[in-house]
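Here is the structure we will look at.
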Number of protein chains: 2
Amino acid sequence: MSNGFSILVIDDEIQIRKLLEITLEANGYKLLFAINAKEGITMAASHQPDLILLDLGLPDQDGQVVLKQLRDWYQNPIIILSVKSTEEEIVKALDSGANDYLTKPFRTQELLARIRTALRGSFNQSQEPIIAFGAITVDFVSRIIKVKDEVLKLTATEYNLFTLLLKNDGRVLTHQYILKEIWGNAYAEQTQYLRVFVAQLRKKIEEDPNRPKYILTESGVGYRFNSG
Amino acid sequence: MSNGFSILVIDDEIQIRKLLEITLEANGYKLLFAINAKEGITMAASHQPDLILLDLGLPDQDGQVVLKQLRDWYQNPIIILSVKSTEEEIVKALDSGANDYLTKPFRTQELLARIRTALRGSFNQSQEPIIAFGAITVDFVSRIIKVKDEVLKLTATEYNLFTLLLKNDGRVLTHQYILKEIWGNAYAEQTQYLRVFVAQLRKKIEEDPNRPKYILTESGVGYRFNSG
DNA sequence: ATTTCTCTTCACAAAATCTTTACACTATAC
DNA sequence: GTATAGTGTAAAGATTTTGTGAAGAGAAAT
């Protein structure tokens, strides 16, 4: 459900906060709220949200000033939501470092699209997260696993099993748990499947499948992955 | 006087072009003009401007399509200028890769501020509009693909599928994802389409379609393009 | 109206994967 | 040492997934 992005809403109007809470959370964003400038700056600093929605009409301070203060150290996108629609106000906000400016009342889908655009621009520079250990490299985005720079060919089930173990690095997973996760609840007793697939995985990733280094057997319990 | 940034204006209305020429040049931008989609794409490729102002109501082609074609290879900011102000149109443009959307008539100072904002966040890193690998050459501007210097004749669907795979070089794309991208959400379960079109593509670009080198099958998951 | 091109659908062949079986191996308990 | 429960592995068979040619439907071009 979550898309991994957090958004801080700085707005004193309860209706707007409620509306944003419903629409943004429905789209997978994690929301934070502040009802005035002081609280907003504190929360931005303590939570480092991925994006800030800032109302310019705050009770305790001029929004343009808040914007400038945030921009002294806050690098992620800031989108202004304001009832003021004068050109002067918009130009000033954009030149103070705002990424976009929407006038209230705003259209929900447009706001969502502009949030996506702002997030796209600031986070696409980052590399794909790649996990590496020993001679093995795992790229979850590309769904590619390499052993000694050779692309490893895994079937869908093998890949699922491997990533399940990997995600629980160091932990013992019971046979039952693994079977339920990979094959579904009905297969919880088919421990033989597991043995077959574990053997195949070991053949592919272990240097010496007879003396496994990564996929360890916990006799009578299950398996444990050990990346280092 | 010059600020070093070049802007390509793609708009068929002479009044708009004149207005932009005066205001933008007065602010130090170097201007380029195109009066239709074809010319616009060509000029974008040949001059690699720092920013594009694109009108959606072009005479020869739908602006949303032009936007998508530009985004195949052009990475600098694109700001839409359009008389259309429906939420649907705006969302579509932003999700197709536009950085901002202004409805005509626009306010000059606001446009300037939004141009500054867009340029502020970009790193001018446009990719070459022509890419090559193995015996294959892809020209995103003219939309021509060559294999061993022979022009390859691809249908619209084949071209879309091919470039989708190409843009995700190395990544595994699921059947569902590809179907949704190419045929639309309603076709997410028509994996048979995909098989037919993948077979046709392979017949056209692979040296030995029985042992594909570029379009690889990930059984049970999807397909993966591999350019090298 | 006819031809050409593309897309969609079907049927079946081919390949890959999963499941099952059989049996060997290992560790622990007694 | 032997029994026993648990584990590992190869391989055959079953099933699913994928590849491919071809026929029919529609749309566009001639």
Side-chain angles (χ1 to χ4, degrees), chain A residues 143 145 151-165 172-225, chain B residues 143 145 151-162 164-165 172-184 186-225:
Chain A
R143 208 190 161 98
I145 296 167
V151 174
L152 187 61
K153 209 171 157 349
L154 293 185
T155 69
T157 312
E158 287 166 2
Y159 180 86
N160 291 339
L161 175 59
F162 183 61
T163 53
L164 178 66
L165 290 166
V172 178
L173 302 181
T174 63
H175 301 131
Q176 277 220 350
Y177 176 79
I178 299 174
L179 284 158
K180 281 184 187 169
E181 284 292 314
I182 307 289
W183 284 270
N185 284 317
Y187 294 77
E189 308 305 323
Q190 299 288 332
T191 47
Q192 176 56 18
Y193 283 15
L194 206 44
R195 283 190 214 110
V196 173
F197 278 87
V198 165
Q200 278 174 359
L201 259 186
R202 280 179 177 152
K203 227 190 304 183
K204 291 183 179 180
I205 68 164
E206 298 281 0
E207 272 177 60
D208 179 359
N210 296 322
R211 296 164 176 279
K213 218 172 85 183
Y214 300 119
I215 303 177
L216 307 179
T217 303
E218 296 285 338
S219 195
V221 187
Y223 293 94
R224 179 164 60 85
F225 193 83
Chain B
R143 298 166 74 80
I145 296 165
V151 174
L152 189 60
K153 208 169 161 337
L154 293 184
T155 69
T157 312
E158 287 167 2
Y159 181 85
N160 291 338
L161 175 59
F162 184 61
L164 178 66
L165 290 166
V172 176
L173 302 181
T174 63
H175 301 131
Q176 277 219 349
Y177 176 80
I178 299 174
L179 285 159
K180 281 184 187 170
E181 284 291 315
I182 306 289
W183 283 271
Y187 294 76
E189 307 304 322
Q190 297 289 331
T191 46
Q192 177 57 19
Y193 282 17
L194 205 44
R195 279 187 223 117
V196 173
F197 278 87
V198 165
Q200 279 174 359
L201 261 185
R202 279 180 177 152
K203 231 187 298 182
K204 291 183 180 181
I205 67 163
E206 298 280 1
E207 274 177 58
D208 179 358
N210 295 322
R211 296 164 173 277
K213 217 172 87 184
Y214 299 119
I215 304 177
L216 308 178
T217 301
E218 298 283 335
S219 193
V221 186
Y223 293 94
R224 180 161 61 86
F225 193 83

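The chains referred to below are lettered A, B, ... by the order of the sequence lines, with proteins before strands, and numbering in each begins at 1.
Straight-line distance from the CD1 atom of A:Ile215 to the P atom of D:dG8: 10 Å, rounded to whole Å. Note: CZ (A:Phe197) to P (D:dT7) measures 18 Å, nearest angstrom.
Side-chain atoms of B:Phe225 and B:Leu164, non-hydrogen and from C-beta on, never get closer than 4.5 Å to each other.
Comparing A:Glu158 and B:Thr155 by the nucleotide of DNA chain C whose heavy atom lies nearest to each, the residue mapping closer to the 5' end is B:Thr155. Along DNA chain C, the nucleotide nearest to B:Gly220 and the one nearest to B:Leu154 differ in position, and the one closer to the 5' end is contacted by B:Leu154.
Contacts of B:Glu218 classified as side chain to side chain donor-acceptor pair (under 3.5 Å), with partners at least two apart in sequence or in another chain: B:Arg224. Legend: residues meeting side chain to side chain donor-acceptor pair (under 3.5 Å) with A:Glu207, ordered by chain and number and at least two apart, are absent. Shown here are the side chain to side chain contact (heavy atoms under 4.5 Å, CB included) partners of A:Lys153, two or more places apart in sequence or in another chain: there are none. With sequence neighbours excluded, the residues forming a side chain to side chain contact (heavy atoms under 4.5 Å, CB included) with B:Asn210 are B:Asp208, listed by chain and number. For B:Ser219, the side chain to side chain contact (heavy atoms under 4.5 Å, CB included) criterion is met by no residue, not counting sequence neighbours. Checked against side chain to side chain donor-acceptor pair (under 3.5 Å), B:Lys204 has the following partners two or more places apart in sequence or in another chain: B:Glu158. When the ring pair (Phe, Tyr, Trp, His ring centres under 6.0 Å) test is applied to A:Tyr159, no partner is found at least two apart in sequence or on another chain. Qualifying side chain to side chain donor-acceptor pair (under 3.5 Å) partners for B:Glu181, counting only residues two or more places apart in sequence or in other chains: none.
Of the candidates A:Ile178, A:Leu173, A:Thr174, A:Tyr223 forms a side chain to side chain contact (heavy atoms under 4.5 Å, CB included) with just one, namely A:Ile178.
In the 5' to 3' direction, nucleotides of DNA chain C lying under 4.0 Å from heavy atoms of chain B begin and end at C:dT6 to C:dT17.
A heavy atom closer than 4.0 Å to some atom of DNA chain C occurs in A:Trp183, these being the qualifying members of residues 173-187 of chain A.
Looking at heavy-atom distances under 4.0 Å, B:Thr157 makes contact with sugar-phosphate atoms alone, never a base.
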Show me the side-chain donor-acceptor pairs of residues 191-203 of chain A shorter than 3.5 Å, one per line, residues at least two apart or across chains.
| residue | atom | partner | partner atom | Å |
| --- | --- | --- | --- | --- |
| A:Gln192 | OE1 | A:Arg195 | NH1 | 2.7 |
| A:Arg202 | NE | A:Ile215 | O | 3.1 |
| A:Arg202 | NH2 | A:Ile215 | O | 2.8 |
| A:Arg202 | NH2 | A:Thr217 | OG1 | 2.8 |

> Tell me, for nucleotides 19-30 of chain D in 5' to 3' order, what letter each nucleotide earns: B for a base near a protein heavy atom under 4.0 Å, S for only sugar-phosphate near one, - for neither?
Replying inline: BBS---------
